[in-house]
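Single-structure report; data block below.
All values below were derived from every heavy atom in this structure, side-chain atoms included, with hydrogens, water molecules and symmetry-related copies excluded.
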Amino acid sequence: MGMTKIWAHRGASGYAPENTREAFALAAEQKADGVELDVQLTKDGQLVVIHDETIDRVSGQQGYVKDFTWEELKKCCVNRTIPGYREVFIPTLEEVYQLLAETNLTINVELKTSLIWYPQIEEKVLQLTKEMGLLDRVILSSFNHYSIKRVKEIEPHIKTGILYSDVLYRPAEYCRRVGADALHPIYLHRFMKPVWEEYCTAQIPLHIWTVNTEEEMEFFLCRDVDAIITNYPDKARKIAEQIKKQKIQ
C-alpha cells in the first residue's frame, strides 16, 4: 500500500463554504489529492452540488433542493457556515467537473439518495462523467447501496464505494456482494478492535471519513489507509509530510 491520499471533504470546507467552487479550488491549492462532493437533482433535473436535502443550513433560506428549479437555486448564496465569503453559490456538477478537469485530483461524488431517491440520478451522473472524460478519475459513493448496485449495472468499470457509519458484519464480504470497489466507513470504527482488524486484512481500498483532528489524521496516515476525507487538507498534508520524513530517516 502506498502513501495515504488526502481528499478534501466538500472541498476545503474548514476554510471555505462547503461544496462550492471556492472550496474545491482551495483544496487544490492546499495540495489535496482529491475532493469529495455531494450531488442532488433540482426540480427540473439539473445535477447540483450540495450536501443537505434542504438549503436551510447553508443559506438561511428554506426548502428542499428537489423543489427548486436551477434558475431559482443558482441565485441562492450559501455562505451561512463561513460568512467571510460574500458571493458563493451552489454549483452544478458540470461546473465542478470543469473546474477540476485541468487538475489531477480524484473526484469522489456522493450520490445523495439516502432520503430522496432522485429518478435516474445514477444515469445522469454517469452520462455527464463520460461526456467529460472523467470516468477514470471519479469514484461514486452512497449510503444507499442500491444506488451503488445500480451504478455498477450501468457502468461496471467506474470505481464505487459504500458509505456507512453503522457496523457492518463482515464488511469486505458485503462490499464484494454489492459489487463495490471500496469501503467508506466513519473514522470512529478505529475504536472497535474486531472491526478495525478486519479492515486491516480485507484487501479492499479503505477511504475513511471525516478525519478532522490532528490525532486522527496521524493515526490513519501512519497506517497507510488508502485515503482519508478531511475538512482540513492542509493540516493533513503537513502531517503526511512529517510522517514521510520520519520513514526516510
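- Atoms OG1 and CD, from T230 and E36 in turn, are 11.5 Å apart once rounded to the nearest 0.5 Å.
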- Given side-chain contact (heavy atoms from CB on, under 4.5 Å), test M132 with E94 step by step and report yes or no. CA-CA 8 Å; M132 300 198 68; E94 182 175 2; 4.0 Å; yes
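- Contact between L183 and C175 at its shortest, heavy atoms only, is CD2-CB, 3.7 Å.
- Closest approach of N231 and N212 over heavy atoms only: N-OD1, 2.8 Å.
- With hydrogens and angles left out, the side-chain atoms of S114 and N144 include no donor and acceptor closer than 3.5 Å.
- Between atom CG of residue L99 and atom OG1 of residue T103 there is a gap of 7.5 Å, rounded to the nearest 0.5 Å.
- Salt-bridge formation is detected for the pair E110/K112: a Lys NZ or Arg NE/NH1/NH2 atom is positioned less than 4.0 Å from an Asp or Glu carboxylate oxygen.
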- Item | Step-by-step side-chain contact (heavy atoms from CB on, under 4.5 Å) determination, F24 to V49 | CA-CA 11 Å; F24 298 125; V49 178; 4.1 Å; yes
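- Linking Ile, Leu, Val, Met, Phe, Trp and Tyr residues whenever their side-chain heavy atoms come within less than 4.5 Å places F220 and V195 in a single cluster.
- Heavy-atom contacts from other residues, nucleotides or ligands closer than 6.0 Å to CZ of F143 number more than 12.
- Remark: the H184 side chain and the Y164 side chain contain no N/O donor-acceptor pair separated by less than 3.5 Å.
- Atoms CG and CG, from L140 and N108 in turn, are 8.0 Å apart once rounded to the nearest 0.5 Å.
- Under a 4.5 Å side-chain heavy-atom criterion applied to ILVMFWY residues, the cluster that includes Y146 comprises W117 as well.
- Using a cut-off of 4.0 Å between Lys/Arg side-chain N and Asp/Glu carboxylate O, R21 and E95 are scored as salt-bridged.
- Neither side chain, T42 nor T69, offers a donor N or O lying under 3.5 Å from an acceptor on the other.
- With rounding to the nearest 0.5 Å, the separation of CG in N79 from CD in E18 is 12.0 Å.
- Counting heavy-atom neighbours within 6.0 Å of Q203 CD, excluding the residue itself, gives a total of 12 or less.
- A salt bridge links D52 with R57: at least one charged nitrogen is closer than 4.0 Å to a carboxylate oxygen.
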- Message: Is there a side chain to side chain donor-acceptor pair (under 3.5 Å) between E131 and Q127? Walk through the geometry before answering.
- Response: CA-CA 6 Å; E131 288 174 355; Q127 181 180 350; 3.1 Å; yes
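- Legend: residues meeting ring pair (Phe, Tyr, Trp, His ring centres under 6.0 Å) with F219, ordered by chain and number and at least two apart, are W196.
- In this pair, H207 and W7 present their aromatic rings tilted. The plane angle is within the 30 to 60° band.
- A salt bridge links E216 to R190: one of the charged nitrogens lies within less than 4.0 Å of a carboxylate oxygen.
- There is a path of hydrophobic side-chain contacts, each under 4.5 Å, that joins V109 to I116.
- Under the 4.5 Å side-chain heavy-atom criterion for Ile, Leu, Val, Met, Phe, Trp and Tyr, V35 and L134 are members of the same hydrophobic cluster.
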- Item | Derivation and outcome, side-chain contact (heavy atoms from CB on, under 4.5 Å), residues L128 and L47 | CA-CA 9 Å; L128 179 63; L47 293 165; 4.2 Å; yes
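- A salt bridge links E155 with K130; the closest basic N to acidic carboxylate O contact falls under 4.0 Å.
- Remark: Y15 engages Y232 in a ring pair (Phe, Tyr, Trp, His ring centres under 6.0 Å) (not counting sequence neighbours).
- Counting only residues at least two apart or on different chains, the side-chain hydrogen bond (donor to acceptor under 3.5 Å, both in side chains) pairs with a member in residues 167-180 are H145-Y174.
- In terms of heavy-atom proximity, T113 sits nearest to Y118 at CG2-N, 4.3 Å.
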- Residue pair H51, N19: steps toward the side-chain contact (heavy atoms from CB on, under 4.5 Å) verdict: CA-CA 7 Å; H51 178 268; N19 276 324; 3.8 Å; yes
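- Listed here is the closest heavy atom pair of A23 and A16: CA-CB, 3.8 Å.
- Considering all non-hydrogen atoms of both residues, Y199 and P171 come closest at CE2-CG, 3.7 Å.
- Taking the side chain to side chain contact (heavy atoms under 4.5 Å, CB included) definition, one finds that L221 meets it with T4, M217, I228, I239, A240, I243, sequence neighbours left out.
- The salt bridge (Lys or Arg N to Asp or Glu O under 4.0 Å) contacts involving residues 23-34 comprise D33-R237, where partners must be two or more places apart or lie in separate chains.
- The pair E71-K74 meets the salt-bridge criterion, since a charged nitrogen lies less than 4.0 angstrom from a carboxylate oxygen.
- Note that the CD1 atom of I229 and the CH2 atom of W209 stand 9.0 Å from one another [nearest 0.5 Å].
- In this structure, the separation between CG on D44 and CZ on F68 is 12.0 Å, given to the nearest 0.5 Å.
- Between E241 and K238, no side-chain nitrogen of the basic residue sits less than 4.0 Å from a carboxylate oxygen of the acidic one, so the salt-bridge criterion is not met.
- The environment of CD in E102 is sparse: at most 12 heavy-atom neighbours from other residues, nucleotides or ligands sit within 6.0 Å.
- Heavy atoms only, all atoms of each residue included: E87 and C77 are closest at CA-SG, 4.5 Å.
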